[in-house]
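Please read these numbers as outputs of a predicted model, since none were measured by experiment.
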Amino acid sequence: MLDACGFVRRSRVFAGNAAEAQTLQGMLTGLAAPAGALVVMDRGVATEANLAWLAEQGYRYLVVSRERRRAVDFKEAITLDNAGGQAVELLKVPSADGQGVRLYCRSEGRVRKEQAIAGRLMDRFEAGLDKLATGLSRRGTTKRIDKLWERIGRLKEKSRGLGQHYHIEVIAGDSGERARAIHWQRLPVKGSLVTEPGVYCLRSNETGWDEKTMWRTYIMLTDLEAVFRSLKSELGLRPIFHHKEERAEGHLFITVLAYQFVQLIRHCLAAHGICERWSTLRDTLAGQCRVTATFNRGDGRTLHVRKATRAEPDQARIYQALGADPAPGGVQKTIV
């Protein structure tokens, strides 16, 4: 449970191995979430039943809609830049009953990501079809029509729905049971990920918010997930090998404390106009390192001098905003 600035106010570890959509009521009850609180959640929890329950209990919600509509006219959309400097288009559409609102979003980064994913899966799907087709001219390969359709079906299962964009024909030979050729044609379905990449929809019952407020609020969730994902690897918090529940909870709580420190750092940086993502800040500071220089002395002993490299301008700007030493660790001299 976070406040409006993204700081953790309450946390709790719940049982795992459960269907996401069935955990919402138990989580809000366990966290003692007050009526009127804003619940931000992803597509996995945002079922119609959960949204209806939230409205009945007096909660506000901002969720990723489960609807598959992508064919949206963004001519009247507003445009803003995200933390990475990429343009994001936002189109707000009130519901017919005036009780809710949908925010259709399209970002440059998401367009490129979905295009890359679709391209990779479609290339893999076509390679599978090509393998089946070329196999018809070789001995020892499947040529029965019913078996070929089974294999085509398995290719469609692995394509994550992109098989719908193909018209496939299996041409029968003289016997009628064995195929002599396989022909296919790519026919992209309108309003799908292939023709409308990068489009997603946010849904809320907070009708008084503008586009920017809705989108910035939702980004808090994705940003939170990104920070925790980073910390799990940096702090070695996964996998967890504890066998006692209280030890596992203590282990995970370290992540919550670490996240608080991250938010404090970013809050201080934001006051100085530095609003980059946590991953960007880490990558910027990763360019500075500590080095050790070794010198041979006239008395036969060895002098080791350990110090940090000089901070680059972007690194120095971060240190200055935090009031930190641009040469962390100081200079250490050791004579052996």
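Atom CG of residue L24 and atom CG of residue N50 lie 4.5 Å apart, to the nearest 0.5 angstrom. Distance check, rounded to the nearest 0.5 Å: CZ of R301 to OG1 of T334 gives 11.0 Å. Going from atom CD1 of I274 over to atom SG of C268 covers 10.5 Å, rounded to the nearest 0.5 Å. In this structure, R317 CZ and T284 OG1 are separated by 9.5 Å, a value rounded to the nearest 0.5 Å. A distance of 10.0 Å separates CG in N205 from OG in S95, rounded to the nearest 0.5 Å. From R9, atom CZ reaches atom CG of L2 across 9.0 Å, with rounding to the nearest 0.5 Å.
A salt bridge links E48 and R203; the closest N-O separation between the charged side-chain nitrogens and carboxylate oxygens is under 4.0 Å. Ion pairing between E126 and R186 holds under the 4.0 Å rule for side-chain N and carboxylate O. Residues K190 and E196 are not paired through a salt bridge, judged by the lack of any N-O separation under 4.0 Å between the basic side chain and the carboxylate. Classification of E114 and R70 as a salt-bridged pair holds, one side-chain N sitting under 4.0 Å from a carboxylate O. Between R144 and D146 a salt bridge is recorded (basic side-chain N to carboxylate O distance below 4.0 Å). Ion pairing between R10 and D3 fails under the 4.0 Å rule for side-chain N and carboxylate O.
Pairing each heavy atom of R297 with each of T302, the nearest pair is CD-C, 4.5 Å. Contact detail for A181 and H183: the closest heavy-atom pair is CB-NE2, 3.9 Å. Here the closest non-hydrogen pair linking A179 and I145 is N-CG1, 3.8 Å. Of all heavy-atom pairs spanning S192 and V189, the tightest one is OG-O, 2.6 Å. Contact between T79 and A87 at its shortest, heavy atoms only, is CG2-CB, 3.9 Å. Across every non-hydrogen atom of M41 and L54, the tightest pair is CE-CD1, 3.5 Å.
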Next on the checklist: Pair Q288, Y319 - check side chain to side chain contact (heavy atoms under 4.5 Å, CB included), show working.
Outcome noted: CA-CA 12 Å; Q288 187 181 25; Y319 289 132; 2.6 Å; yes
Item to check | Working for side chain to side chain contact (heavy atoms under 4.5 Å, CB included), residues I318 and D314 | outcome: CA-CA 7 Å; I318 294 174; D314 288 343; 5.8 Å; no
Checklist entry - What's the verdict on side chain to side chain contact (heavy atoms under 4.5 Å, CB included) for L62 and V39, showing C-alpha distance, side-chain angles and the deciding distance? => result CA-CA 6 Å; L62 176 59; V39 179; over 6 Å; no
Item to check | Residue pair V63, D42: steps toward the side chain to side chain contact (heavy atoms under 4.5 Å, CB included) verdict | outcome: CA-CA 6 Å; V63 304; D42 60 17; over 6 Å; no
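In this structure, R247 and K244 have side chains that are in contact, with non-hydrogen atoms separated by less than 4.5 Å. Residues M27 and F14 are in side-chain contact: their nearest non-hydrogen atoms beyond the backbone lie under 4.5 Å apart. By the 4.5 Å heavy-atom criterion applied to side chains, R266 and E276 are not counted as neighbours. Residues Y104 and Y200 fail the side-chain proximity criterion, which asks for heavy atoms closer than 4.5 Å. With a 4.5 Å cut-off on side-chain heavy atoms, D130 and W184 count as touching. Proximity of S159 to M122: side-chain heavy atoms (C-beta onward) are nowhere separated by under 4.5 Å. Side-chain contact between I168 and K156 is present, with at least one heavy-atom pair separated by less than 4.5 Å. Between Q86 and S107, the closest side-chain pair of non-hydrogen atoms is not below 4.5 Å.
Here the side chain of Q164 pairs a donor or acceptor atom with the backbone of G161 at under 3.5 angstrom. Side-chain N or O atoms of K143 include one that pairs as donor or acceptor with a backbone N or O of R138 at under 3.5 Å. R69 places no side-chain N or O within 3.5 Å of a backbone atom of G191 that could act as its donor or acceptor partner. In this structure, R60 contributes its side chain and G36 its backbone to a donor-acceptor pair below 3.5 Å. The closest donor-acceptor contact from the side chain of R43 to the backbone of S65 lies under 3.5 Å. With hydrogens and angles disregarded, no donor-acceptor distance shorter than 3.5 Å links the side chain of R110 to the backbone of C105. Not a single donor-acceptor pair under 3.5 Å links the side chain of T29 to the backbone N or O of G26. Looking only at distances, no side-chain donor or acceptor of T207 sits under 3.5 Å from a matching main-chain atom of G100.
Counting heavy atoms of neighbouring residues, nucleotides and ligands inside a 6.0 Å radius, atom NE2 of H304 exceeds 12 of them. Around CD of Q22, the count of heavy atoms belonging to other residues, nucleotides or ligands within 6.0 Å does not exceed 12. Within a 6.0 Å sphere centred on CG of N17, other residues, nucleotides and ligands contribute 12 heavy atoms or fewer. The neighbour count for E246 CD, taken as heavy atoms of other residues, nucleotides or ligands under 6.0 Å away, is above 12. Taking a 6.0 Å sphere around CD of E206, one finds it holds more than 12 heavy atoms contributed by other residues, nucleotides or ligands. Residue Q320 qualifies as open at atom CD: its count of foreign heavy atoms under 6.0 Å is 12 or below.
In this structure, V64 is not a member of the same hydrophobic cluster as L193, with clusters built from ILVMFWY side-chain heavy atoms closer than 4.5 Å. Note on I219: it clusters hydrophobically with L38, by side-chain heavy-atom contacts below 4.5 Å among ILVMFWY residues. Under the 4.5 Å side-chain heavy-atom criterion for Ile, Leu, Val, Met, Phe, Trp and Tyr, V72 and Y218 are members of distinct hydrophobic clusters. Note: the hydrophobic cluster containing V199 does not contain W215 (ILVMFWY, side chain heavy atoms under 4.5 Å, direct or indirect links). In the hydrophobic clustering of this structure, W209 groups with V101; members are Ile, Leu, Val, Met, Phe, Trp, Tyr whose side-chain heavy atoms approach within less than 4.5 Å, directly or through other members.
Checking T309 against R290 by side-chain atom types alone, no donor-acceptor pair falls below 3.5 Å. Neither side chain, T280 nor D283, offers a donor N or O lying under 3.5 Å from an acceptor on the other.
Under the 6.0 Å cut-off for aromatic ring centres, Y166 and F125 qualify, their centroids lying closer than that.
For the pair R106 and F74, the cation sits on the ring face: its NZ or CZ lies under 6.0 Å from the ring centre, inside 45° of the axis.
Of the residues K307, Q332, R306, the one that meets the side-chain hydrogen bond (donor to acceptor under 3.5 Å, both in side chains) test with T292 is R306.
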